[in-house]
Protein chains: 2
Amino acid sequence: MASVERHQQITDAVRHAGQLSVAELAELTSTSEMTIRRDLEILAEQGLLERYRGGARSLLLRGEEPPFALRAHDGLEVKQRIAAAVGAMIADGEAVVIDSGTTCLEVARALTHRRLTVMPLSLHAANALVGAPQLRLLLPGGEPRPGELALTGPLAEASLAALRFDTAVIGCCGLNAANGLTAYDLADAAIKRAVMASANRVIAVAEAAKFSRTALAFVAPTSALHAVVTGDDAPNDEADALEAAGVVVRRV
Amino acid sequence: MASVERHQQITDAVRHAGQLSVAELAELTSTSEMTIRRDLEILAEQGLLERYRGGARSLLLRGEEPPFALRAHDGLEVKQRIAAAVGAMIADGEAVVIDSGTTCLEVARALTHRRLTVMPLSLHAANALVGAPQLRLLLPGGEPRPGELALTGPLAEASLAALRFDTAVIGCCGLNAANGLTAYDLADAAIKRAVMASANRVIAVAEAAKFSRTALAFVAPTSALHAVVTGDDAPNDEADALEAAGVVVRRV
DNA sequence: TATTTTGAACACGAACCATGTTTGTTATGT
DNA sequence: ACATAACAAACATGGTTCGTGTTCAAAATA
């Protein structure tokens, strides 16, 4: 599949330049203009960019969260390492709630063949877990946000309020000592808080980039976490601050 | 895809004979034994049959409900006609809850491009509706039953109890004047009752075969229904009995 | 131990997908 | 209104994948 990386290339180039012409993109990727047009059609359908006559402009604003399909393939190896480490921290028989997001989706995949009770908070993870023989799968209600398929809203919160989990695995958009754990989406932040309230142990997953980012919605201070699993390239000062706050830090 | 109809052929033959050898199946389908083995591996994974050395035996017991994947392609045209008719009975802007099952899945598909609020009771339907632009999608909580992916249990009932719908579309395993609406699964029957309690109007969908069948779990008498949509080959006496009970009957 | 069944490995062919080219249509600018 | 550029549909082509058959070594059964 050379096409997916060309799509990535186009998306990146358009995002960086703001807008680019079909001819420029054809030259950049050394393909025909027709191929570029077909690509742009697909990418526009995914909401990544907007076509205009002669080219396309990016719809990914600075600071805005890129769509799920894009993030899913980004840094997959790190996410899988993190997911494996989280899996090792969970004992058979536990009841686990897994947040939405691409890293948490990998965690769900890593737990597929375990003997556990699992409640995923996104349909992506739910679909990944369907059919797992030893797994007891539990779904919260809610409204799936387009693309992300994260279940939010009163129904989701009610589902969480009715349950108590051994472990919660939550993702985040930003995580640092100064601003705590933050999320892009307000409804998502509310869910994360509900999750943390109904779990005995909270494990946060966060690639290194998350430490230097802060999103709109505040969820909780870092002291509310019991453990953070991150990549081996996480900044030392943030890791130290977490440990000083009593959080177990695992770098993989 | 000639393979799917060969799978169907194998499943039917094995179910009819109880068990068959690899050689017999190879001759029946005029393929190689290796292909049969690969097919059996797939079918065994789906729980349709059980392999033993030299052949396979059916796991589909008489009277038991065949698995979802099998029913989904059976009588698809009728189901789609029924689904279209149901769609015509629903007005834009309504809040609709859609039951699990293959016929209801078609109803969900028929509503994809409508402007509605929809709560599907199975993950199959949920996945079919994800990404529909004009649709407000709402999911109940619950435990997805393997294969069927119908959401059941206390979480699902709680989600339903919190909502009021304009219309409920429910499927069934059996439907006739003598035994009312019946379902194979107890948990499913409980959900159907909850659905009916939280909807102003109840439309049941039922292919003709459902009228001559009665399943284990009683859900409700036919008088609890407002309308029944069925195929044009539905038995007259049952249709008359329904109309006598004040139920609108639509045959398509 | 002899025989049969099985599944992994390789090979072949068909179907499918992505790409490029051509051509007619549509939109834009002067 | 005309000329030009961009677009999209239609067709052809090359590459890839998927399904199937064959062969052979390993495993299970008698």
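Each chain gets a letter, A, B and so on, in the order the sequences are listed, and its residues count up from 1.
Residues passing the side chain to side chain donor-acceptor pair (under 3.5 Å) test with B:T182: none are found, sequence neighbours excluded. Residues passing the side chain to side chain donor-acceptor pair (under 3.5 Å) test with A:R251 are A:N236, sequence neighbours excluded. For the side chain to side chain contact (heavy atoms under 4.5 Å, CB included) test, residues two or more places apart in sequence or in another chain that qualify with A:A108 are A:I98, A:A125, A:L129. Taking the side chain to side chain donor-acceptor pair (under 3.5 Å) definition, one finds that B:N127 meets it with A:N127, sequence neighbours left out. Judged as a side chain to side chain donor-acceptor pair (under 3.5 Å), and not counting sequence neighbours, A:S159 has no contacts. Residues satisfying the salt bridge (charged side-chain N to carboxylate O under 4.0 Å, His left out) criterion with A:K79, sequence neighbours excluded, are absent altogether.
B:T112 places a side-chain N or O within donor-acceptor distance of the main-chain N or O of B:R109, the cut-off being under 3.5 Å. A:E148 places no side-chain N or O within donor-acceptor distance of the main-chain N or O of A:R145, the cut-off being under 3.5 Å.
Of the residues in residues 44-58 of chain A, those placing a heavy atom less than 4.0 Å from an atom of DNA chain C are A:R53, in numerical order. Scanning residues 8-24 of chain A for heavy-atom distances under 4.0 Å to DNA chain D yields A:V22. A heavy atom closer than 4.0 Å to some atom of DNA chain C occurs in B:M34, B:R37, these being the qualifying members of residues 30-41 of chain B.
Spacing between atom CZ of A:R6 and atom P of C:dC17 amounts to 16 Å, rounded to whole angstrom units. Between the P atom of C:dA18 and the CD atom of A:E5 lies a distance of 14 Å, rounded to the nearest Å. As rounded to whole Å, 13 Å separates atom P of C:dA18 from atom CG of A:L43.
For residues 83-112 of chain A, the set of pairs meeting the ring pair (Phe, Tyr, Trp, His ring centres under 6.0 Å) definition, not counting sequence neighbours, is empty. Every pair tested for ring pair (Phe, Tyr, Trp, His ring centres under 6.0 Å) that includes a residue from residues 10-58 of chain B fails, sequence neighbours excluded, so the list is empty.
End-to-end axis angle of the helix from C:dT1-D:dA30 to C:dT30-D:dA1, using five pairs per end and rounding to 10°, comes to 40°.
Checked for salt-bridge contact, A:R37 and A:E33 meet the test: a charged N lies under 4.0 Å from a carboxylate O. Note on B:R51 versus B:E41: no salt bridge recorded, every NZ/NE/NH1/NH2 to OD/OE distance being 4.0 Å or above.
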List the steps and the verdict of side-chain contact (heavy atoms from CB on, under 4.5 Å) for A:K192 and A:L121. CA-CA 10 Å; A:K192 285 185 206 300; A:L121 295 180; over 6 Å; no

